[in-house]
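Report on the following structure.
Whatever order the structure lists them in is the order used to number ligands and atoms, beginning at 1.
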Amino acid sequence: MQRWNGWGDERIEKPLPKQAETLLEQLVGPGTPPVNVSLEKMLGNVPEANLPEPSGNISTAARDRFEHAHGQSMPDWVAMRFGTLKRFPDAVAYPTSESEVEDVFTFADKQKMIVIPYGGGTSVVGHLDVPETDAPVLSLSLERLNGLIEFDHHNRLATFGAGVKGPDLEAALRANGYTLGHYPQSYDYSTLGGWVVTRSSGQQSLYYGRIEEMFASGTALTPRGKIEFPPYPASAAGPDLRQILLGSEGRMGVLTRATVRIKRIPEKDDVYGVFFPTWEAAVHAVRELVAADLPLSMIRTSNPNETYTNLFLAGHETQIDLLKRYLRMRGLYDAVFCMTLIGFIGPSRQVAAGKQQARRIIRKYKGVTVGKSMGDAWKKNRFLAPYLRNTLWDKGYAVDTLETATTWNKVTPTMKAIESAIANALEEYGETVHVFTHLSHVYSSGSSIYTTYLFRIADTPEETMERWRKIKASASREIVRAGGTISHQHGVGTDHRQYLAAEKGELGIDMLKNIFSHIDPQQRMNPGKLIE
Ligand SMILES: Cc1cc2nc3c(=O)[nH]c(=O)nc-3n(C[C@H](O)[C@H](O)[C@H](O)COP(=O)(O)OP(=O)(O)OC[C@H]3O[C@@H](n4cnc5c(N)ncnc54)[C@H](O)[C@@H]3O)c2cc1C
């Protein structure tokens, strides 16, 4: 059963080791466990639906409406935990076929409803916020459009209902010896349709690519009719319309089915741990590793703060001492340690040759390889880290992340600017923010920068939100100032909307507005997300 007011399966707990709690107290001060509102109280806040009694697959039950009223952003968490969620869809539709989606559109049109497509509800940037409006709001859940529709081994394509979640999609492909290889950390709950329209990126994107490289074709139902995107392997026939759907965040209509490019399950898919003695060494090594065109699936390198924080949060502080001793034996006396995970993938012989070449680059930068066990542990726990957010909240700490991408020459200054903006954002309240960063999606021209920050929850939802807004705004302004994109993988939603013009330009924003108002003249599809 999914947690109603937090992340993931309610049977899974990730306790915080005692030493980690002590460390947090030292870093940001003792947390005060907040009082969580009960589900009963929360459902009591759901008002009467602004809709005549609907029929068929449309529900007006309070629980359905609450569950579809939020995602997983910090404002969503504050509203869920303090019980301040204000706006709920009036109904939730659960179509089971494309023709039922068409019926839902007809119904919504008749009732003049706003329609918000809902995939897995894992958005972290306010994609699912119910707008302030007098019009009734319908959440259109893709939950029941979730099957394998066609497996095309010959063309290496597979078509799924857009509501399929990560584990179901992979299970269907793996049963046939194939994989998509798209593993966002939200994999257990996010959906193929959600990935496409938010331009998602999975943990092994270095080999498998981002979702935009995997998404071959699909069907979208829009307020103006159906759009079919054909699965050409490539095309020079003018602008690629798929690129407008990718990242459209529900503004263009509903993606009902998607065809993806699939790959054979690789012979080798291993992850190794390496420690670099300085951040600069780690970044140089990573850049050279990517440029060497090795059979890599991923590189994830943590800065010293993240290295220590992660080892502590995982209860591995004794390992830090062992590691220090081991690294000293290898001649690294003043090391600060940047934990780096390097994934090798592909045929065994290619991987063996790639590893040899990688070893030379790692040695050049005084990196110390600690073997596959660290990589195996990461693989085992790769989707569990978000469970810590539940535990930390209950101890009085809020955790959030933000991310950008930029070219190599700007990676370190941008990371430092973001971290410093976040660390100082709550000075006026006398509060400290703990902040740490890793690079996880690397390209020959640059890298994503993924920053996590932790701060104390205040006594009231208003003050907690005020703290979060200060941090988020300071960091976002730094990202824009440094010339990074406002999002590498989470999308725009409502939280990043005001920063979008900085990278698209006024003309670009105008183009997007015109596209959306052409396809959705009544402005009924997820209004207010991505652009005003
Ligand atoms: C713990 C955690 C870890 C995460 N890790 C990653 C990560 O590693 N990489 C990454 O890229 N993202 C990550 N995310 C962000 C999030 O999972 C992605 O943005 C994901 O793609 C959202 O998919 P979803 O199915 O949950 O969509 P939802 O959250 O339900 O919706 C997101 C947006 O897409 C629209 N939408 C959804 N389905 C459709 C459809 N079929 N047709 C039209 N519009 C649709 C919605 O209207 C909304 O605007 C993470 C989130 C969490 C909470």
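The atoms of ligand 1 that sit less than 4.0 Å from any heavy atom of Val197 are 34 (O), 35 (C), 36 (N), 43 (C), 44 (N), 45 (C). Atoms of ligand 1 lying under 4.0 Å from any heavy atom of Gly253, numbered from 1 in the order shown and given with element: 43 (C). Close approach to His490 involves these atoms of ligand 1, each under 4.0 Å from a residue heavy atom: 12 (N), 13 (C), 14 (N), 15 (C). Remark: ligand 1 atoms within the under-4.0 Å shell around heavy atoms of Ser123 are 29 (O). Atom numbering of ligand 1 starts at 1 in the shown order; those under 4.0 Å from a heavy atom of Ser200 are 10 (C), 11 (O), 21 (O). The contact set between ligand 1 and Pro386, taken as ligand atoms under 4.0 Å from a residue heavy atom, comprises 1 (C). For ligand 1, the atoms sitting less than 4.0 Å from at least one non-hydrogen atom of Asn526 are 47 (O), 49 (O), numbered in the order shown with element in parentheses. The atoms of ligand 1 that sit less than 4.0 Å from any heavy atom of Gly121 are 26 (O), 28 (P), 29 (O), 30 (O).
Classification of Glu212 and Arg210 as a salt-bridged pair holds, one side-chain N sitting under 4.0 Å from a carboxylate O. Salt bridge Lys529/Asp129: absent, no basic N to carboxylate O contact under 4.0 Å. Using a cutoff of 4.0 Å between basic side-chain nitrogens and carboxylate oxygens, Glu98 and Arg257 are scored as salt-bridged.
Taking any N or O of Gly119, backbone or side chain, at least one lies under 3.5 Å from an N or O belonging to ligand 1. For ligand 1, one of its N or O atoms has an N or O atom of Leu255 under 3.5 Å away. Ligand 1 has no nitrogen or oxygen under 3.5 angstrom from a nitrogen or oxygen of Trp7. Between Tyr183 and ligand 1, no pair of N/O atoms sits closer than 3.5 Å. On a distance-only criterion, Thr122 and ligand 1 share at least one N/O pair closer than 3.5 Å. For a threshold of 3.5 Å applied to N or O pairs, the pair formed by Ser201 and ligand 1 contains at least one separation below that value. Annotation: Glu249 places an N or O atom under 3.5 Å from an N or O atom of ligand 1; distance criterion only. The shortest N or O to N or O distance between Gln72 and ligand 1 is not under 3.5 Å.
Residue contacts with ligand 1 for Leu128 involve side-chain atoms from C-beta outward but no N, CA, C or O (heavy atoms, distance under 4.0 Å). Within the 4.0 Å heavy-atom criterion, both parts of Pro117, backbone and side chain, lie near ligand 1. Contacts between Tyr189 and ligand 1, counted as non-hydrogen atom pairs separated by less than 4.0 Å, are absent for every part of the residue. Using a 4.0 Å cut-off between heavy atoms, Thr191 contacts ligand 1 through both its backbone and its side chain.
Side chains of Thr401 and Tyr450 form a contact here, defined as non-hydrogen atoms less than 4.5 Å apart. Put simply, the side chain of Trp77 reaches to within 4.5 Å of the side chain of Asn390, judged on heavy atoms. Looking at heavy atoms from C-beta onward, Leu500 lies in side-chain contact with Lys504 at the 4.5 angstrom threshold. At a threshold of 4.5 Å between non-hydrogen side-chain atoms, the residues Tyr207 and Leu296 do not count as touching.
When each of Ile299, Thr301, Thr340 is tested with Leu439 by the rule side-chain contact (heavy atoms from CB on, under 4.5 Å), just one qualifies, namely Thr301.
In terms of protein heavy-atom proximity, atom 38 (N) of ligand 1 is closest to Gly194 N, 3.5 Å. For atom 19 (O) of ligand 1, the nearest non-hydrogen atom of the protein is Thr198 OG1, 3.4 Å. Scanning the protein heavy atoms around atom 8 (O) of ligand 1, the nearest turns out to be Gln185 N, 2.9 Å. Here the heavy atom of the protein found nearest to atom 7 (C) of ligand 1 is Pro184 CB, 3.4 Å. Ranking protein heavy atoms by distance to atom 24 (P) of ligand 1, first place goes to Gly120 N, 3.4 Å.
Note on ring orientation: taking the six-membered ring where Trp is involved, the planes of Phe383 and Tyr183 are tilted (angle from 30° to 60°).
Closest heavy-atom approach to atom 33 (C) of ligand 1 among the candidates His127, His441, Glu403, Met252: His127. Here the shortest heavy-atom distance to atom 17 (O) of ligand 1, taken over Ser186, Ser141, Gly493, belongs to Ser186.
Annotation: Phe215 is not in aromatic contact with Trp195 [ring centroid separation under 6.0 Å not met].
In summary, the side chains of Gln203 and Arg382 do present a donor paired with an acceptor at a separation below 3.5 Å, with no hydrogens or angles considered. Inspection of the Asp9 and Gln2 side chains reveals no N or O donor paired with an N or O acceptor under 3.5 Å. Glu306 and Thr452 share no donor-acceptor pair across their side chains, judged by distance under 3.5 Å alone. Side-chain contact annotation: Gln111 with Asp90, donor-acceptor N/O pair under 3.5 Å absent. Between the side chains of Thr256 and Thr219, not a single donor N or O lies within less than 3.5 Å of an accepting N or O. Side-chain polar atoms of His496 and Lys472 form a donor-acceptor pair below 3.5 angstrom.
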